[in-house]
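FYI, side chains are in, hydrogens and waters are out, and symmetry mates aren't considered; it's all heavy atoms of this structure. Naming convention: chains lettered A, B, ... in sequence-line order (proteins, then strands); numbering from 1 in each chain.
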There are 2 protein chains.
Amino acid sequence: MFCLNVRGGTLLQGAKAAIYSIIQIEFAERFPKVISQKAKYALRALVALARAGDSMMIGEIAEAERIPRKFLEQILLELKHHGIVMSKRGKFGGYALLAPAAQITFGAVLRIIDGPIAPLPCLSRIAYRRCADCRAEEECEIRRVFARVATSARDVLDRTSIADAVAAPEPVEAGAA
Amino acid sequence: MFCLNVRGGTLLQGAKAAIYSIIQIEFAERFPKVISQKAKYALRALVALARAGDSMMIGEIAEAERIPRKFLEQILLELKHHGIVMSKRGKFGGYALLAPAAQITFGAVLRIIDGPIAPLPCLSRIAYRRCADCRAEEECEIRRVFARVATSARDVLDRTSIADAVAAPEPVEAGAA
DNA sequence: CCAAACTCTATCAACTTGGTAGGGATTATC
DNA sequence: GATAATCCCTACCAAGTTGATAGAGTTTGG
């Protein structure tokens, strides 16, 4: 290995790294991970329905939760197709939860709207697929680490229901970077 | 609320939901979440460097880990800019870890390559941003739940180093959906 | 000076995301 | 049975991201 202690080198590296980090953070605009805008809308709509305890029209939900109306139509339709909500057509129609809010988990909604929760295809139970560039799955170091991430995420998402979200006002300690 | 127990309705809903689910799972092709292909390459390259314990040329790493060579160039450059690796140019040049493998965490690498780990901008410490459509952050149910997801993910990623990945062959129980 | 290696910037195709648009089907009411 | 309100469905689109590829520039050892 060539020398790590180039005179001044480490300090210079540190300064450069800091600058690059600042640039990156300053322009970090997108958070496309784990949960999409669409899933966020879906969860908010379900929370609204749970809180109302009654059926609501698309327009009502859209207005209350500030969700683009036509986009919400698609979302609710999808939730209906997957048996989360039911609908009634025609005048005075609307949407209502098909199951008690306590039985609708965040995980279920996320899987419907955003697809599998697992960070890698080789870690999904419901949509397992071997990674294209994987040689020996059992020896994959990356897989081993992300298996733990996936498990802990699933622990939270599959144990938390819409009812929990409506009820519990426990404080948030602003967390991960 | 209109009647939930339409005769036959629930069963039909169940069947439809099952069909929609099967379609969705069968065609689930992409796992763009938590970790990108690029970050996977970055981690694999670092693992290769750690295992070698010596400097390696881009070509060597690319071949050993089956990473597109020119793509790997960009990745290593980025890691260098952020102070993870150092490089030497010219004939017999190459890359080497700048810090011991035990000090390079998965979290650090992911933040460099993929950006903030937090699932929502309002949960990031390093790149906090208020959600565009958020009314009262403290009352946001979604935020509350995903704060827990983010914390647990960070717990794993910031405590696991490249050295851990190289060393520990603990078994994986195929986990989250 | 040359060849081998890293450095940097530009470009690109394919895909995803977040919506918009519009017509069709169903229902309550008059 | 007309009408208006509502859900149902499909098609389409702009902007952005991802996963590369290309190529010219710079440094180093011999």
Side-chain angles (χ1 to χ4, degrees), chain A residues 2-3 6 13 16 20 23 27-42 44-45 49 55-63 66-82 85-96 113-115 131-133, chain B residues 2-3 6 13 16 20 27-42 44-45 49 55-63 66-82 85-96 113-116 131-133:
Chain A
F2 42 77
C3 180
V6 182
Q13 279 289 3
K16 268 173 97 175
Y20 273 99
I23 292 171
F27 292 96
E29 200 64 56
R30 21 162 284 286
F31 285 70
K33 302 170 217 169
V34 184
I35 176 169
S36 68
Q37 186 68 22
K38 194 174 174 187
K40 222 158 84 183
Y41 287 156
R44 289 229 303 260
L49 281 172
S55 82
M56 291 175 83
M57 293 185 300
I58 290 180
E60 287 182 278
I61 303 176
E63 194 178 356
R66 294 184 184 170
I67 303 172
R69 193 215 159 89
K70 291 297 269 182
F71 197 25
L72 182 58
E73 283 188 17
Q74 290 175 48
I75 294 167
L76 286 171
L77 204 53
E78 212 163 332
L79 291 176
K80 181 193 171 184
H81 287 156
H82 283 85
V85 297
M86 67 178 304
S87 67
K88 194 187 178 194
R89 284 185 173 191
K91 212 168 186 175
F92 309 122
Y95 281 93
I113 302 293
D114 284 350
C131 292
D133 55 346
Chain B
F2 42 79
C3 180
V6 182
Q13 278 290 2
K16 270 172 96 175
Y20 274 99
F27 292 96
E29 200 64 59
R30 19 161 286 285
F31 285 71
K33 302 171 220 169
V34 184
I35 175 169
S36 68
Q37 186 68 23
K38 193 174 173 187
K40 221 158 84 182
Y41 287 156
R44 289 230 302 261
L49 280 172
S55 81
M56 291 176 82
M57 292 186 299
I58 291 180
E60 286 183 280
I61 303 175
E63 194 177 0
R66 292 185 187 168
I67 303 173
R69 194 214 159 92
K70 291 297 267 181
F71 198 25
L72 182 58
E73 284 186 15
Q74 289 176 49
I75 295 167
L76 287 171
L77 203 53
E78 212 163 332
L79 292 177
K80 180 192 171 186
H81 287 155
H82 283 86
V85 297
M86 67 179 304
S87 67
K88 193 185 178 194
R89 285 184 172 193
K91 212 167 187 173
F92 308 122
Y95 280 93
I113 302 294
D114 284 349
C131 292
D133 55 347

Pick the nucleotide of DNA chain D nearest each of A:Gln74 and A:Leu77; which residue has the one closer to the 5' end? A:Leu77

Please compare B:Arg69 and A:Arg89 by the position of their nearest nucleotide in DNA chain D and report the one closer to 5'.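 Nearer the 5' end of the strand: A:Arg89.
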
In whole Å, what is the span from the [atom1] atom of [X] to the [atom2] atom of [N]?
X       : N      : atom1 : atom2 : answer
B:Leu76 : C:dC8  : CG    : P     : 13 Å
A:Met86 : C:dT27 : CE    : P     : 12 Å
A:Ile75 : C:dG19 : CD1   : C1'   : 10 Å
A:Leu79 : D:dC7  : CG    : P     : 14 Å
A:Leu72 : C:dG18 : CG    : P     : 15 Å
B:Ile58 : C:dT7  : CD1   : P     : 7 Å
B:Met56 : C:dA4  : CE    : C1'   : 17 Å
B:Lys91 : D:dT28 : NZ    : P     : 15 Å

Where the side chain of [X] is defined as all heavy atoms beyond and including C-beta, which of [options] is the nearest nucleotide?
X       : options               : result
B:Lys38 : D:dG19, C:dC6, D:dC7  : D:dG19
B:Gln37 : D:dG29, C:dT7, D:dG19 : D:dG19
A:Pro68 : C:dG19, C:dT7, D:dC9  : C:dG19
B:Met57 : D:dC7, D:dC8, C:dC6   : C:dC6
A:Ser87 : C:dT29, C:dT20, D:dC8 : D:dC8

Can you tell me if [X] touches the phosphate of [N], counting only side-chain N or O atoms and a distance under 4.0 Å to OP1 or OP2?
X       : N     : value
B:Tyr95 : C:dT7 : yes
A:Lys88 : D:dT6 : no
B:His81 : C:dT7 : no

Min side-chain heavy-atom separation [X]-[Y] under 4.5 Å:
X       : Y        : answer
A:Ile35 : A:Ile113 : no
B:Phe92 : B:Met57  : no
A:Leu76 : A:Tyr41  : no

A:Tyr41 vs A:Glu73, nearer the 5' end of DNA chain C by closest nucleotide: A:Tyr41

Take A:Ile61 and A:Arg44 through the test side chain to side chain contact (heavy atoms under 4.5 Å, CB included) and record every step on the way to the result. CA-CA 9 Å; A:Ile61 303 176; A:Arg44 289 229 303 260; over 6 Å; no

Answer with yes or no whether A:Lys70 presents, from its side chain, a donor or acceptor under 3.5 Å of a partner atom in the base of C:dG22. yes

Between B:Glu63 and B:Arg69, does any NZ, NE, NH1 or NH2 come within less than 4.0 Å of an OD or OE carboxylate oxygen? no

